[in-house]
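As the structure is a prediction and not an experimental result, all values here were calculated from the model.
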Amino acid sequence: RGLAVEPPANPGELDVSGGALDFGTQEIADGPTSAQTVTLLNSHGSQSLQLYDVYLAGADAGEFGIASDTGQTTLGPGASRTLQLHFDPSTIDNKQAELVVLSNDEDEDTVRVMLSCRGADTYALLIEDDGVGFEHASKQGRPGEHIGLSIMEERARRLGGKLRIEREVGEGTRVELSYHPHADGP
């Protein structure tokens, strides 16, 4: 005579459809982009999945929005929650944020969906290479050294723009200038 042992219940498993979302380029004056869909699904197991929180995070989170959300906090087996996200830039430049989902999924209690877009109504210049790169240049050197970087920074300021230089020794350099053209400007 044996003792009957019931197998443990299969916990819920959070799957996210939609992957990383790229909203492309959006003119500032055009308002929000068309919404893109993210679906949260309890795809495995026989138990409910609890969604503790769903929110936007990151430095540019305010440029993205949740246009609609079906709002379920408990997903039974096979059940889903659908969100519609959009991008509405208030400034120029590349924007990134993430949709964060906190749940009781045993192996992925935090899931992040990357969001990206470029706020337009701007001009952009990008120069990129895969050369040798360079170390961070100190502006305190012999007279005449590193003057090119100073000139580029000053010209970006005069345009009311932003200059970003990314470099890594042995990996190359990326120089990006973005600015909003003014009708009465340079």
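The environment of CZ in R155 is sparse: at most 12 heavy-atom neighbours from other residues, nucleotides or ligands sit within 6.0 Å.
A distance of 12.5 Å separates NZ in K95 from OG in S116, rounded to the nearest 0.5 Å. With rounding to the nearest 0.5 angstrom, the CD atom of Q47 is 8.0 Å from the CD atom of E106. Atom-to-atom distance recorded for S48:OG and N104:CG is 9.0 Å, nearest 0.5 angstrom. Here the NZ-CG distance, from K162 to N94, works out to 8.5 Å after rounding to the nearest 0.5 Å.
With contacts defined as side-chain heavy-atom distances shorter than 4.5 Å, the pair L115/F87 does not qualify.
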May I have the step-by-step check of side chain to side chain contact (heavy atoms under 4.5 Å, CB included) for L14 and V101, ending in yes or no?
CA-CA 10 Å; L14 179 62; V101 181; 3.8 Å; yes
Is there a side chain to side chain contact (heavy atoms under 4.5 Å, CB included) between T74 and R81 once you walk through the steps?
CA-CA 9 Å; T74 302; R81 175 176 176 174; over 6 Å; no
When you look at L51 and Q72, which way does the side chain to side chain contact (heavy atoms under 4.5 Å, CB included) test go after all the steps?
CA-CA 8 Å; L51 301 178; Q72 297 89 332; 5.7 Å; no
Derivation of the side chain to side chain contact (heavy atoms under 4.5 Å, CB included) call for L99 and V16:
CA-CA 11 Å; L99 177 69; V16 178; over 6 Å; no
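Between the side chains of S90 and E63, at least one donor N or O sits under 3.5 Å from an acceptor N or O. Using a 3.5 Å distance cut-off with no hydrogens or angles, the side chains of E13 and S43 do not pair a donor with an acceptor. T33 and Q26 form no side-chain donor-acceptor contact under 3.5 Å, judged by distance and modelled atom types alone.
Under the 3.5 Å distance criterion, the side-chain polar atoms of N42 are matched with a main-chain donor or acceptor of L75.
Here the shortest heavy-atom pairing between S80 and L41 reads CB-CD1, 4.0 Å.
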